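As a basis for the values below, the full set of heavy atoms in this structure was taken, side chains included, without hydrogen atoms, waters or symmetry mates. None of the values given here were measured: they were computed from a predicted structure. Within every chain, numbering begins at 1; the chains are lettered A, B, ... in the order of the sequence lines, protein sequences first and strands thereafter.
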2 protein chains.
Amino acid sequence: MKTIVESSGLPADAFSAKCPTRQVLDHIAGKWTILVVDALTEGTMRYTELSRRIEGVSQKMLTQTLRGLEADGFVTRTIHPTIPPRVDYDLTSLGRSLAEPISALRQWTENHINEIEHARRQTRGAN
Amino acid sequence: MKTIVESSGLPADAFSAKCPTRQVLDHIAGKWTILVVDALTEGTMRYTELSRRIEGVSQKMLTQTLRGLEADGFVTRTIHPTIPPRVDYDLTSLGRSLAEPISALRQWTENHINEIEHARRQTRGAN
DNA sequence: CGGCATCCGCCCCGATACTG
DNA sequence: CAGTATCGGGGCGGATGCCG
């Protein structure tokens with residue numbers, strides 16, 4: 001059962017260059033998207049909580065990633081007009097759905113990191 | 001049960017900037033990696049078969065992606081010294097293992113593309 | 001057929017400074 | 001606290017040409 005893309009009437013196919021699925025996949029494949037979505041599975045997080053949870057992310061990239069996730073309907077942004085200001089980020093139901101395969105990918109990598117590093121050490125001379 | 005990274009003795013943690021898991025995750029998050037791994041789940045493929053299957057990929061990026069997947073132990077490269085030459089690419093058992101969460105991610109995106117495009121249209125004025 | 005080498009533009013991303 | 005604005009380097013990635 002293939003999804004029919006409403007905007008084009010064609011079946012969804014990530015291997016096709018024209019399919020919008022490709023853009024979303026490229027976006028999800030961004031450097032920080034996986035970590036941000038995955039972090040939010042732990043519950044509501046404030047901006048600075050996210051930046052501390054995800055080591056090494058800059059303000060710019062965190063903001064940019066969050067804006068992208070908002071635009072795609074994966075994350076909600078809630079502003080509390082208090083002093084000091086407080087902004088909460090949450091996964092939408094669509095975002096929680098996406099988080100399942102994404103978490104699986106992170107966990108797989110963590111579980112197999114030793115095999116991968118071993119394979120890397122076997123690669124000799126190639127460069 | 002967390003994996004202990006042999007090279008560092010520390011638990012695998014993708015949220016930690018120093019963990020090698022991060023590099024692998026960044027690598028998997030490359031623009032073409034998901035499509036290449038996923039294409040190879042359909043079986044052995046030659047170089048030109050891959051380039052036709054994955055619309056829009058340039059020779060350079062296909063080669064570069066395949067070399068990276070080789071180095072990480074996800075893909076094997078078999079050269080048949082015939083005329084004309086023939087090169088077969090296959091997933092290793094580690095690669096087939098990785099392909100499961102990766103395929104899940106592509107399928108999820110294809111299945112939810114209409115919801116995502118709808119969410120995108122709701123976003124007004126933001127830019 | 002299955003690459004590699006080179007050039008080069010673009011934009012990703014980090015660093016820094018500033019704001020409500 | 002939660003951003004925005006701007007600058008600048010690096011590398012991702014496409015185009016082209018050549019090779020065994």
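Rounded to an integer number of Å, the gap from CD1 of Ile79(B) to P of dG3(C) is 7 Å. The CZ-C1' distance, from Arg52(A) to dA2(D), rounds to 12 Å in whole Å. Separating the CG atom of Asp88(A) from the C1' atom of dC1(D) is a distance of 12 Å, rounded to the nearest angstrom. Residue Gln64(B) contributes atom CD, which lies 13 Å from atom C1' of dA5(C) at whole-angstrom precision. In this structure, the CG atom of Leu62(B) is 14 Å from the P atom of dC1(C), given to the nearest Å. The separation between Arg86(A) atom CZ and dC1(D) atom C1' is 11 Å, rounded to whole Å. The CG atom of Asp26(B) sits 14 Å away from the P atom of dG11(D) (whole-angstrom rounding). Following rounding to the nearest Å, Leu35(A) (CG) and dC13(C) (P) show an atom-to-atom distance of 12 Å.
Residue Arg77(A) places none of its side-chain N or O atoms closer than 4.0 Å to OP1 or OP2 of dA2(D). For dC1(C), the OP1/OP2 oxygens have no side-chain nitrogen or oxygen of Thr48(B) closer than 4.0 Å. Checking the phosphate oxygens (OP1, OP2) of dG14(D), a side-chain nitrogen or oxygen of Lys31(B) falls inside 4.0 Å. Distances shown here put a side-chain N or O of Arg67(A) below 4.0 Å from the OP1 or OP2 atom of dT4(D). Regarding contacts with the backbone of dG2(C), a side-chain N or O of Arg46(B) is found under 4.0 angstrom from either OP1 or OP2.
In the set dG3(C), dG14(C), dG2(C), the nucleotide with an atom closest to the side chain of Trp32(A) is dG14(C). Among the nucleotides dC1(C), dG3(D), dG3(C), the one closest to any side-chain atom of Tyr89(B) is dG3(C).
Shown here is His118(A), whose NE2 atom has no more than 12 heavy atoms of other residues, nucleotides or ligands within 6.0 Å.
Across all strands, Gln59(B) comes closer than 4.0 Å to base atoms (heavy-atom distances).
Within the cation-pi definition used here (under 6.0 Å to the ring centroid, within 45° of the axis), Arg77(B) does not qualify as a partner of Tyr89(B).
Note on Arg53(B) versus Glu49(B): no salt bridge recorded, every NZ/NE/NH1/NH2 to OD/OE distance being 4.0 Å or above. Between Glu55(A) and Lys18(B), at least one side-chain N (NZ, or NE/NH1/NH2) sits under 4.0 Å from a carboxylate O, which counts as a salt bridge.
The nearest heavy atom of DNA chain C to Lys60(B) and to Val87(B) marks one nucleotide each, and the one closer to the 5' end goes with Val87(B).
Judged purely by atom type and a 3.5 angstrom limit, Ser51(A) has no side-chain atom pairing as donor or acceptor with the backbone of Gln59(A).
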